[in-house]
Amino acid sequence: MINKLKFLGKNLLFFPQILIMLLFGNKIKNWKDYQMYISFFRYFPFGWIDKGGITTIKCKGKKIKMNCSTEHSLVLSEVFARDAYSKLNIEGKDVIDIGTALGDTTVYFGLFGARNVYGYEINKRYYDMCVENIELNNLKNKCKVELCGVGKTEPVKFGGLGALMSIEDQRELGKIPMKSLEKIINEHKIFGGILKVDVDGYEYEIFENADMGTISVFDEIFIEYHYGTRDLVEKLVGAGFKVNICENISKYIDNHPEGWKQMEQGYIVARK
């Protein structure tokens, strides 16, 4: 009975926001879509999504605009509501953002203290969204994103990289250039900056192909791992970092490809 009351309360509480959104021309396709909007308004009770798909939210007193395109606006909750990256001391530092996706982390770093943000995204669709969202938040002078993969320098071969992408996105992978982490550091003259990595399972290859000297350049490293910590902790400790593992969650994703269904997901925060 209590659970039913909670369910009704949650759905009724945010119904007015959804009704107003519908009156302004937005569409809800199905019940799942409705539930996602309910969850969005739980995180952002004063948020807004216009009929063109531009989402407006507030975080730490700042107004943020994001085009989530084919992704639901709820994806913004991890960065801007649950504040996953508040653990990092980014103030006045250069940030390497590997796996920008739609640009939520890139915009976050740019708005909340980073000196420069250098983003890398291998998915063309996400890259285009990231470029647009940097412009929507007037961050072109601070945030730069490149359509590029990071890790090995030879052409992409599937493995972790691309395994969780849609078939349409996978078709573009072979055309995308790759750079080593060492090359990126040298290009931007990074010393003592921040490294963030969220690449849906390719994080292991990135660190496997980076030597200790390259990794030790950074003051702090944030990794979202997807299939356990594997050798990541050992390598970070070897490079002189103290490591904290957060939110180690096991889950089974039935619609993932074979070999990638069972996930062990969480964060690693490493500091000198």
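We count residues from 1, following the sequence as given. If you're wondering where the values come from, they're calculated on a predicted model, not measured in any experiment.
- Note that NZ of Lys144 and OH of Tyr120 are 12.0 Å apart. Values are rounded to the nearest 0.5 Å.
- Nearest heavy atoms, Val150 versus Leu181: CG1-N, 4.1 Å.
- Atom NZ of Lys62 has more than 12 heavy atoms from other residues, nucleotides or ligands within 6.0 Å.
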When you look at Met129 and Glu71, which way does the side chain to side chain contact (heavy atoms under 4.5 Å, CB included) test go after all the steps? CA-CA 10 Å; Met129 292 162 67; Glu71 306 299 315; 4.1 Å; yes
Evaluation steps, side chain to side chain contact (heavy atoms under 4.5 Å, CB included), between Tyr118 and Glu146: CA-CA 8 Å; Tyr118 303 105; Glu146 189 172 340; over 6 Å; no
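- Taking CD1 of Ile194 as the reference point, atom CG of Asp94 lies at 9.5 Å (rounded to 0.5 Å).
- Val107 and Leu136 are not part of a single hydrophobic cluster, where members link through side-chain heavy atoms under 4.5 Å apart.
- A donor-acceptor contact shorter than 3.5 Å is absent between the side chain of Lys87 and the backbone of Phe222.
- Residues passing the side chain to side chain donor-acceptor pair (under 3.5 Å) test with Glu264 are Asn248, sequence neighbours excluded.
- Of all non-hydrogen atoms in Thr55 and Cys68, the two that sit nearest each other are OG1-SG, 4.2 Å.
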Where do Asp231 and Phe207 land on the side chain to side chain contact (heavy atoms under 4.5 Å, CB included) test, with the steps shown first? CA-CA 9 Å; Asp231 298 328; Phe207 284 90; over 6 Å; no
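- Here the NZ-CD1 distance, from Lys179 to Ile185, works out to 12.5 Å after rounding to the nearest 0.5 Å.
- Residue Gly110 comes nearest to Cys143 through the heavy atom pair CA-SG, 3.8 Å, listed as atom of the first residue, atom of the second, then distance.
- Linking Ile, Leu, Val, Met, Phe, Trp and Tyr residues whenever their side-chain heavy atoms come within less than 4.5 Å leaves Ile54 and Leu139 in two separate clusters.
- No single ILVMFWY cluster, assembled from side-chain heavy atoms under 4.5 Å apart, contains both Leu195 and Met212.
- No more than 12 heavy-atom neighbours from other residues, nucleotides or ligands sit within 6.0 angstrom of NZ on Lys51.
- In this structure, the side chain of Glu220 does not engage the main chain of Gly193 through any donor-acceptor pair within 3.5 Å.
- Not less than 6.0 angstrom separates the ring centroid of Tyr202 from the ring centroid of His226.
- Here the straight-line distance linking atom OG1 of Thr100 with atom OH of Tyr127 works out to 9.5 Å at 0.5 Å rounding.
- Here the closest non-hydrogen pair linking Tyr227 and Met263 is CE2-CG, 3.8 Å.
- Within a 6.0 Å radius of CD in Glu234, no more than 12 heavy atoms belonging to other residues, nucleotides or ligands are found.
- Within 6.0 Å of atom NZ in Lys142, more than 12 heavy atoms from other residues, nucleotides or ligands are found, so the atom counts as buried in its surroundings.
- Of the inter-residue distances, the one linking Asn137 atom CG with Leu111 atom CG reads 5.5 Å to the nearest 0.5 angstrom.
- Heavy-atom neighbours of Phe191 CZ from other residues, nucleotides or ligands within 6.0 Å: at or below the threshold of 12.
- Heavy-atom neighbours of Asp50 CG from other residues, nucleotides or ligands within 6.0 Å: above the threshold of 12.
- Ile176 and Gly149 get closest at one heavy-atom pair: CG2-N, 4.1 Å.
- Across Phe218 and Lys272, no two heavy atoms sit closer than the pair O-NZ, 3.3 Å.
- Tyr225 places no side-chain N or O within 3.5 Å of a backbone atom of Tyr204 that could act as its donor or acceptor partner.
- Taking the centre and axis of the six-membered ring of Phe112, the NZ or CZ atom of Lys60 falls inside the cone set by 45° and 6.0 Å.
- A salt bridge is defined here as a Lys NZ or Arg NE, NH1 or NH2 lying under 4.0 Å from an Asp or Glu carboxylate O, and Lys196 with Asp97 meets this definition.
- You'll find the side chain of Ile245 reaches within 4.5 Å of the side chain of Thr229, heavy atoms only.
- Summarising the local packing, NZ of Lys183 is surrounded by 12 or fewer heavy atoms from other residues, nucleotides or ligands at distances under 6.0 Å.
- Asn116 places none of its side-chain heavy atoms less than 4.5 Å from the side chain of His188.
- Residues Glu224 and Gln265 are in side-chain contact: their nearest non-hydrogen atoms beyond the backbone lie under 4.5 Å apart.
- Here the straight-line distance linking atom CG of Asn67 with atom SG of Cys130 works out to 12.0 Å at 0.5 Å rounding.
- Tracing side-chain contacts under 4.5 Å through hydrophobic residues (I, L, V, M, F, W, Y), one reaches Phe241 starting from Val233; they form part of the same cluster.
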Between Asp83 and Tyr108, is the side chain to side chain contact (heavy atoms under 4.5 Å, CB included) condition met? List the steps. CA-CA 10 Å; Asp83 209 10; Tyr108 177 91; 2.8 Å; yes
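- No more than 12 heavy atoms of other residues, nucleotides or ligands sit less than 6.0 Å from atom CG of Asn141.
- Residue Met178 is grouped with residue Tyr126 when hydrophobic side chains (ILVMFWY) are merged at heavy-atom distances under 4.5 angstrom, including chains of intermediate members.
- Within the 4.5 Å cutoff, side-chain heavy atoms of Leu88 are placed close to those of Phe109.
- Applying ring pair (Phe, Tyr, Trp, His ring centres under 6.0 Å) to His72 and the options Tyr37, Phe40, Tyr34 leaves one that passes, Tyr37.
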